[in-house]
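Scroll down for the structure; my scribbles are underneath it.
Counting convention: from 1, in listed order, for ligands and their atoms alike. No experiment lies behind these values; they were computed from the predicted model shown.
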Amino acid sequence: MSHSDLVQDNLVSLQTHVLAEEARHPGAEGDLSWIISAISLSGKTIANKVRRARLDDVLGAHGTENVQGEQQLRMDVIANEIIMRCLGDRASIAVLASEEDEEPRILRKSNEGGKYCVLFDPLDGSSNLDSAVGVGTIFSVTRNDANEPDGERTVCRPGTEQVAAGYILYGSSTIMCLTTGNGLDMFVLDQAIGSFLRVRTGLKMPERGAIYSVNEANASSFPEGYQRYLADAHASGYASRYIGSMVADVHRTLIRGGVFLYPPTQKNPTGKLRLLYEANPMAMLIEQAGGLAFSGDRRTMDIHPDRLHQRVPVVLGSRSEVERVQSFL
Ligand code: P6P
């Protein structure tokens with residue numbers, strides 16, 4: 001067997017990948033690389049904590065509510081603190097905005113080196129932890145606006161202005177999908193060496209997929225167009241897959257194709273998912289992989305946010321499947 005038969009793809013860690021990406025941008029000062037490195041460290045730490053949650057008896061309610069009026073779980077608070085401790089150390093971060101905090105945290109002004117804002121949902125889908133279902137961290141990186149002293153207005157940027165976005169899925173394996181605007185790259189955490197190893201570069205999602213992902217318990221309160229789409233999907237023999245954890249549902253959609261929907265409902269008339277740290281980062285990833293992401297009749301990333309915790313409806317996935325949904329709306 002020749003040497004070349006033995007050598008598979010090169011072994012590329014997230015760190016190597018990010019440094020190579022940085023080198024492609026003359027004048028890059030490495031600030032974004034440092035931020036992604038901090039996100040990687042927080043992901044490894046949270047992955048370990050998630051795996052041990054029941055052993056360490058940190059499942060269940062924290063006894064407080066977040067700004068969304070949702071019950072905070074102990075693991076939500078733990079994951080939030082891990083990310084804050086990992087990112088707080090990075091000198092290029094101006095603002096940190098979390099689903100778990102009512103207000104953004106201003107770390108430093110632009111004249112103190114604050115170049116980027118990081119928005120995140122520290123542990124999306126955490127209500128599934130007690131049943132050991134995949135949960136995830138979702139993150140979005142935007143540039144700080146030196147002329148905008150107000151933290152909330154600084155982070156309320158359209159998704160098209162994101163400089164990086166990604167998620168870490170704590171599932172049967174720990175997977176990071178990341179984009180810095182130059183395609184979607186996928187990494188798997190090798191726990192034996194504590195490193196995210198690159199397994200896909202420039203991933204393109206299937207153009208179509210006969211899978212729809214929605215909480216059908218809410219179907220009777222969906223706007224009529226969505227109900228007509230569901231009837232068509234049923235009649236067309238589509239498979240229904242719904243985990244109830246956005247990162248897991250979106251990752252399956254990315255890998256196998258299909259469409260993920262969270263339409264307006266009676267309980268959440270503007271949709272349940274948050275624009276800035278759930279819909280926008282997922283939209284950037286899906287579009288980089290060749291798919292589409294809409295909120296009503298608007299491209300999700302074109303929406304100009306007016307509030308940090310603003311909610312939007314979401315339809316994202318394979319191009320032809322999203323277009324099929326749109327044809328009914
Ligand atoms: P429902 C989890 O609570 C979450 O924010 C997303 O991860 C998930 O897609 C959605 O809510 C599930 O909501 O109403 O179907 O339980």
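- Formation of a donor-acceptor pair under 3.5 Å by the E321 side chain with backbone atoms of G209 is found in this model.
- Cluster membership for I93 and V141, using ILVMFWY side-chain heavy atoms within less than 4.5 angstrom, is shared.
- R157 is not listed as a side-chain neighbour of E148, based on a closest heavy-atom distance of 4.5 Å or more.
- Ring pair Y212/Y238 is tilted by interplanar angle, where 30° to 60° counts as tilted.
- Looking only at side-chain heavy atoms (C-beta outward), S42 and L87 stay at 4.5 Å or farther from each other.
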Could you pull out the N/O contacts under 3.5 angstrom between ligand 1 and the surrounding protein atoms?
{"residue": "ligand 1", "atom": "7 (O)", "partner": "D124", "partner atom": "OD1", "Å": "3.3"}
{"residue": "ligand 1", "atom": "7 (O)", "partner": "D124", "partner atom": "OD2", "Å": "2.5"}
{"residue": "ligand 1", "atom": "7 (O)", "partner": "M246", "partner atom": "N", "Å": "2.8"}
{"residue": "ligand 1", "atom": "9 (O)", "partner": "M246", "partner atom": "N", "Å": "3.4"}
{"residue": "ligand 1", "atom": "11 (O)", "partner": "K272", "partner atom": "NZ", "Å": "3.0"}
{"residue": "ligand 1", "atom": "13 (O)", "partner": "K272", "partner atom": "NZ", "Å": "3.0"}
{"residue": "ligand 1", "atom": "14 (O)", "partner": "Y262", "partner atom": "OH", "Å": "2.7"}
{"residue": "ligand 1", "atom": "15 (O)", "partner": "N215", "partner atom": "ND2", "Å": "2.9"}
{"residue": "ligand 1", "atom": "15 (O)", "partner": "Y242", "partner atom": "OH", "Å": "2.6"}

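- Ion pairing of E287 with R299 is present here, as a side-chain N (NZ or NE/NH1/NH2) and a carboxylate O approach within less than 4.0 Å.
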